[in-house]
Amino acid sequence: MEIADVRKRVLATIERAKQRAAERRARGDEAGRAYATFLDTVAVPMFRQVANVLRAEGYQFTVFTPSGSVRLMSDRAAEDFIELTLDTSGDQPQVIGHTSRSRGRRVTEHERAVGAPAALSESDVLEFVLNELEGFVER
């Protein structure tokens with residue numbers, strides 16, 4: 001194969017990779033803005049409503065809003081929480097739900113994609129929290 005052909009193909013590959021990276025960064029920036037709005041208007045208020053209902057029913061949970069996430073944490077054990085964060089590492093940015101439960105010394109954690117930040121509604125967030133909450137209130 002001629003060096004000119006090899007060079008042309010290598011340069012085309014480099015250009016494609018740069019273009020994809022720029023597109024991924026742009027999607028990540030857009031998702032970050034949508035996620036910030038989602039946190040402020042949907043997720044944090046919903047987590048606070050759930051925490052208020054739980055407190056009224058005798059389950060002590062507190063809502064924390066560390067930078068870029070919202071967390072519903074048990075007042076009894078710091079390892080017991082439900083959290084939403086934004087994952088921009090893939091091709092499509094996703095809101096990720098992370099749940100951690102402790103039983104004695106054993107801690108069980110799992111994550112799952114909840115959806116795109118711009119597409120999630122209050123009912124989507126509530127559905128996620130209620131599904132994850134079952135393990136905490138069944139005791």
Side-chain angles (χ1 to χ4, degrees):
M1 188 174 268
E2 300 234 1
I3 189 69
D5 292 336
V6 172
R7 183 175 190 276
K8 195 182 305 180
R9 290 178 68 182
V10 168
L11 292 177
T13 300
I14 291 170
E15 188 59 35
R16 256 192 331 270
K18 286 181 181 181
Q19 183 67 26
R20 274 196 224 126
E23 290 170 358
R24 188 172 51 250
R25 281 192 298 275
R27 281 192 307 270
D29 291 345
E30 182 180 325
R33 287 188 296 278
Y35 181 69
T37 302
F38 163 75
L39 277 180
D40 292 341
T41 61
V42 176
V44 172
M46 183 56 65
F47 270 56
R48 286 196 172 126
Q49 288 179 17
V50 170
N52 288 338
V53 171
L54 287 168
R55 282 190 174 278
E57 295 300 318
Y59 295 96
Q60 300 302 307
F61 280 83
T62 303
V63 175
F64 294 96
T65 55
S67 179
S69 68
V70 59
R71 179 181 283 200
L72 179 67
M73 183 183 295
S74 170
D75 292 351
R76 300 173 98 193
E79 296 86 14
D80 291 347
F81 64 85
I82 300 168
E83 178 179 49
L84 291 178
T85 58
L86 179 64
D87 179 14
T88 58
S89 63
D91 283 340
Q92 295 298 325
Q94 294 283 317
V95 174
I96 302 295
H98 179 220
T99 304
S100 174
R101 286 190 200 99
S102 64
R103 281 254 201 244
R105 291 185 177 182
R106 193 180 95 220
V107 177
T108 305
E109 296 186 43
H110 75 280
E111 291 183 345
R112 72 177 176 98
V114 179
L120 291 174
S121 67
E122 288 179 332
S123 61
D124 297 327
V125 173
L126 181 60
E127 187 67 30
F128 166 75
V129 172
L130 294 178
N131 285 337
E132 299 301 317
L133 195 59
E134 285 183 20
F136 296 110
V137 297
E138 69 184 2
R139 300 177 190 173

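The chain is numbered in sequence order, starting from 1.
- Between S100 atom OG and E111 atom CD the span is 10.5 Å, to the nearest 0.5 Å.
- Side-chain contact, T37 with D40: no donor N or O sits under 3.5 Å from an acceptor N or O.
- To the nearest 0.5 angstrom, Q60 atom CD is 9.5 Å from L54 atom CG.
- Two residues are said to be in side-chain contact when any heavy atoms from C-beta on lie closer than 4.5 Å; E109 and V107 meet this criterion.
- Evaluation of the ring-ring contact (aromatic ring centres under 6.0 Å, His included) test over residues 72-100, restricted to residues two or more places apart or in two chains, returns F81-H98.
- Between R112 and T99, the side chains place no donor N or O within less than 3.5 Å of an acceptor N or O (distance only, hydrogens not considered).
- Going from atom CG of D5 over to atom CZ of R7 covers 12.0 Å, rounded to the nearest 0.5 Å.
- Of all the heavy atoms in T62 and R55, the pair that sits closest is OG1-NH2, 3.1 Å.
- One distance of note links CD of E127 with CD of E132; it measures 10.5 Å at 0.5 Å rounding.
- Looking only at distances, no side-chain donor or acceptor of D87 sits under 3.5 Å from a matching main-chain atom of Q94.
- With respect to K8 and E2, no salt bridge is recorded, no charged nitrogen being found less than 4.0 Å from a carboxylate O.
- Considering every non-hydrogen atom in both Y35 and L84, the closest pair reads OH-O, 3.1 Å.
- A cation-pi arrangement, defined by a distance under 6.0 Å to the six-membered ring centre and an angle within 45 degrees of its axis, is absent between R71 and F47.
- A pairwise comparison of heavy atoms in P117 and P93 identifies CD-O, 4.0 Å as the closest pair.
- Taking the side chain as every heavy atom from C-beta outward, E79 and R101 never approach each other to under 4.5 Å.
- Every residue two or more places apart in sequence or in another chain was checked for a side-chain hydrogen bond (donor to acceptor under 3.5 Å, both in side chains) with S74, and none qualifies.
- Hydrophobic cluster membership is shared by V6 and I14, with clusters built from Ile, Leu, Val, Met, Phe, Trp and Tyr side chains linked at under 4.5 angstrom.
- When hydrophobic clusters are built by joining Ile, Leu, Val, Met, Phe, Trp and Tyr residues whose side-chain heavy atoms come closer than 4.5 Å, directly or via intermediates, V137 is grouped together with V129.
- L133 and F64 end up in different hydrophobic clusters when Ile, Leu, Val, Met, Phe, Trp and Tyr side chains are linked at under 4.5 Å.
- If you take CE on M46 and CG on L126, they are separated by 5.0 Å, rounding to the nearest 0.5 Å.
- Closest non-hydrogen pair, V63 versus A51, comes out as CG2-CB, 3.7 Å.
- The minimum heavy-atom distance between G68 and L39, with the atom names listed, is C-CD1, 3.9 Å.
- Shown are R25, E30, R24; of these, the side-chain contact (heavy atoms from CB on, under 4.5 Å) with R27 is made only by R24.
- For the pair F38 and V125, the minimum side-chain heavy-atom distance is below 4.5 Å.
- Note: the hydrophobic cluster containing F128 does not contain I96 (ILVMFWY, side chain heavy atoms under 4.5 Å, direct or indirect links).
- Contact annotation: the side chain of L120 approaches that of V114 to within less than 4.5 Å [non-hydrogen atoms, C-beta and beyond].
- Take Q19 and apply the side-chain hydrogen bond (donor to acceptor under 3.5 Å, both in side chains) test, not counting sequence neighbours, and it matches E23.
- Under the 4.5 Å side-chain contact rule for hydrophobic residues, M73 and V70 do not share a cluster.
- Residues V50 and I82 form no side-chain contact, since every pair of their non-hydrogen atoms from C-beta on lies 4.5 Å or further apart.
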